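Taking it in order: structure first as structure tokens, then the write-up.
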Amino acid sequence: MKSEPDVFSFDDLMSRPERTEGWDGVRNYQARNFMRDDMRVGDPVLFYHSNTKPPHVAGLARVASAPRPDRSALDPRSEAFDEKATEEDPRWVLVDVQGIASLERPVALAQMRDNPRLADMPLVRRGNRLSIVPVTDEEFEEVLRMAETPCPPELPLSAGR
DNA sequence: GCCAACGTTGGC
DNA sequence: GCCAACGTTGGC
């Protein structure tokens with residue numbers, strides 16, 4: 001899951017109550033559908049910092065709720081306001097994300113591009129703009145290795161997914 | 001700052 | 001339903 005650290009960083013997540021925040025503001029249907037259809041509580045998450053130098057994976061997190069309506073779509077003062085959203089059909093969803101641990105060594109996008117094991121990751125594909133993209137267990141573990149970070153017990157990789 | 005890639009909008 | 005114009009993302 002991508003976030004611009006100037007807007008909301010991994011450290012920001014870690015300083016939230018229970019290290020948890022609703023992932024609001026997603027306004028792309030494909031990204032929304034990943035949250036709505038493919039995520040389960042407990043799924044491991046790579047927290048990626050975009051639009052920064054260098055872009056990198058900063059930390060580990062987990063999905064902490066089922067998908068639920070993103071009410072920022074209903075708030076005219078929100079940047080993520082959507083005039084087509086209604087109480088009956090808010091159109092957009094979010095999941096809660098809980099921070100687990102920062103990486104021993106953040107993994108830069110360029111490093112991931114250089115790693116043939118990660119060649120199939122949507123994240124490293126050219127022109128990819130989706131703010132939420134899937135990661136396989138194998139890719140997740142490879143990023144952990146590159147980050148010299150052991151897999152935290154909170155992230156049961158072989159269980160779900 | 002540039003620009004490639006891609007999504008969305010709206011005229012037809 | 002097509003597609004040109006436009007806006008946004010985000011790496012470089």
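Sequence lines set the chain letters: A, B, ... in the order given, protein chains first and strands last, and positions in each chain run from 1. Owing to the predicted nature of the structure, the values given are computational and were not obtained by experimental measurement.
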Do any side-chain atoms of residues 53-66 of chain A form donor-acceptor pairs under 3.5 angstrom with protein atoms, and if so which ones, sequence neighbours left out?
unit_1	atom_1	unit_2	atom_2	d
A:His56	ND1	A:Pro54	O	2.8
A:His56	NE2	A:His49	ND1	3.1
A:Arg62	NH1	A:Gln98	OE1	2.9
A:Ser65	OG	A:Asp96	N	2.8

Quick note, side chain to side chain donor-acceptor pair (under 3.5 Å) partners involving residues 120-130 of chain A, not counting sequence neighbours, are none
Heavy-atom contacts, protein to nucleotides 5-12 of chain C, under 4.0 Å, summarised as B (base), S (sugar-phosphate only) or - (none) per nt, yield --BBBSSS
All pairs passing ring-ring contact (aromatic ring centres under 6.0 Å, His included) where residues 63-117 of chain A contributes a residue, at least two apart: A:Tyr29-A:Trp92
Taking ring-ring contact (aromatic ring centres under 6.0 Å, His included) as the cut-off, I'd like each qualifying pair that reaches into residues 103-156 of chain A, sequence neighbours left out, listed once. none
With sequence neighbours excluded, residues passing ring pair (Phe, Tyr, Trp, His ring centres under 6.0 Å) with A:Tyr48: none
